[in-house]
Amino acid sequence: MGKINSWLNKLKDFKHLRIIACVAVLVIVLVVYFSCASCSESSSATFSSGNIDTTSADYCTSMRAQVEKIVSEISGVGSASVVINWDKSSVQSAFGNGQTENPKAVGALIVCDGGNSTKVKLDVIYAVSTLLDLSIEKIMVYPKSN
């Protein structure tokens with residue numbers, strides 16, 4: 001018992017003990033908080049990007065509709081039809097619990113009213129390249145038949 005009392009007396013003499021104890025508790029709380037926050041983010045089954053439901057099939061359909069809508073709004077395009085080729089092998093289970101990643105676009109074909117204009121083609125190619133993170137040689141733009 002004498003050793004414990006002498007050890008406690010040494011601790012009482014140690015300056016800034018309360019500050020060190022508060023910092024230690026704060027570090028523990030932050031570690032627990034951030035480890036739980038990252039767990040909850042990775043355990044959600046579907047992710048949202050704006051108003052897109054990102055289950056694999058819904059993601060592909062939503063992205064095609066969004067690309068079609070935005071391409072149709074580009075000056076000179078008129079109405080547009082979009083087909084996106086997806087790499088389905090990129091849809092894989094994460095952490096072994098059935099979660100999926102979004103498939104990656106590997107090519108796009110756009111048929112639009114203004115597709116015979118070089119300026120419209122370039123505008124559409126660069127817009128789709130940006131939206132789908134595709135290189136420009138993987139995007140083809142054709143005019144609609146009359």
Side-chain angles (χ1 to χ4, degrees), residues 4 7-8 10-146:
I4 294 175
W7 185 73
L8 288 174
K10 286 181 184 179
L11 280 178
K12 287 180 184 176
D13 292 339
F14 189 68
K15 294 182 181 182
H16 308 294
L17 180 64
R18 288 184 182 164
I19 294 172
I20 293 171
C22 288
V23 168
V25 168
L26 181 63
V27 167
I28 292 170
V29 167
L30 288 174
V31 166
V32 169
Y33 172 76
F34 285 115
S35 66
C36 289
S38 65
C39 290
S40 66
E41 288 173 7
S42 66
S43 66
S44 63
T46 57
F47 299 92
S48 287
S49 173
N51 58 354
I52 300 174
D53 182 13
T54 58
T55 61
S56 180
D58 291 342
Y59 176 78
C60 295
T61 304
S62 296
M63 283 304 296
R64 186 199 55 77
Q66 282 191 339
V67 170
E68 198 169 275
K69 179 181 182 296
I70 200 69
V71 164
S72 296
E73 293 177 6
I74 295 173
S75 176
V77 171
S79 68
S81 299
V82 175
V83 176
I84 302 171
N85 189 16
W86 300 98
D87 179 9
K88 300 290 185 171
S89 67
S90 67
V91 179
Q92 55 190 336
S93 177
F95 306 110
N97 61 1
Q99 296 175 358
T100 58
E101 296 177 6
N102 294 335
K104 175 145 177 55
V106 293
L109 175 77
I110 297 96
V111 179
C112 60
D113 290 332
N116 50 6
S117 163
T118 304
K119 180 190 180 322
V120 170
K121 280 185 179 183
L122 288 174
D123 288 345
V124 170
I125 287 171
Y126 286 119
V128 173
S129 174
T130 301
L131 289 171
L132 298 176
D133 193 25
L134 282 173
S135 58
I136 59 173
E137 65 269 3
K138 305 251 180 169
I139 303 164
M140 301 302 295
V141 178
Y142 295 101
K144 276 192 176 179
S145 64
N146 293 333

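Residues that satisfy the salt bridge (Lys or Arg N to Asp or Glu O under 4.0 Å) test with Lys69, not counting sequence neighbours, are Glu73. By the side-chain contact (heavy atoms from CB on, under 4.5 Å) test, Ser145 pairs with no residue at all, sequence neighbours left out. Scanning for side chain to side chain donor-acceptor pair (under 3.5 Å) contacts around Ser135 gives Glu137, with sequence neighbours left out. Residues passing the side chain to side chain donor-acceptor pair (under 3.5 Å) test with Asp113 are Ser79, sequence neighbours excluded.
Across all their heavy atoms, Val120 and Cys112 have their closest contact at CG1-SG, 4.5 Å. For Val111 against Lys144, the heavy-atom pair with the smallest separation is CG1-CG, 3.4 Å. Considering every non-hydrogen atom in both Ala80 and Val71, the closest pair reads CB-CG1, 3.8 Å. Contact between Ala105 and Trp86 at its shortest, heavy atoms only, is N-CE3, 3.5 Å.
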What donor-acceptor contacts under 3.5 angstrom involve side-chain atoms of residues 122-132, with partners at least two apart or in another chain?
unit_1: Asp123; atom_1: OD2; unit_2: Lys119; atom_2: NZ; d: 2.7
unit_1: Ser129; atom_1: OG; unit_2: Leu134; atom_2: O; d: 2.5
unit_1: Thr130; atom_1: OG1; unit_2: Tyr126; atom_2: O; d: 2.9

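Side-chain contact between Ile139 and Ile110: present, with at least one pair of heavy atoms (C-beta onward) separated by less than 4.5 Å.
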I'd like to know whether Lys138 forms a side-chain contact (heavy atoms from CB on, under 4.5 Å) with Asn85, so could you lay out the CA-CA distance, the side-chain angles of the two residues, the decisive distance to 0.1 Å, and finally the verdict. CA-CA 10 Å; Lys138 305 251 180 169; Asn85 189 16; over 6 Å; no
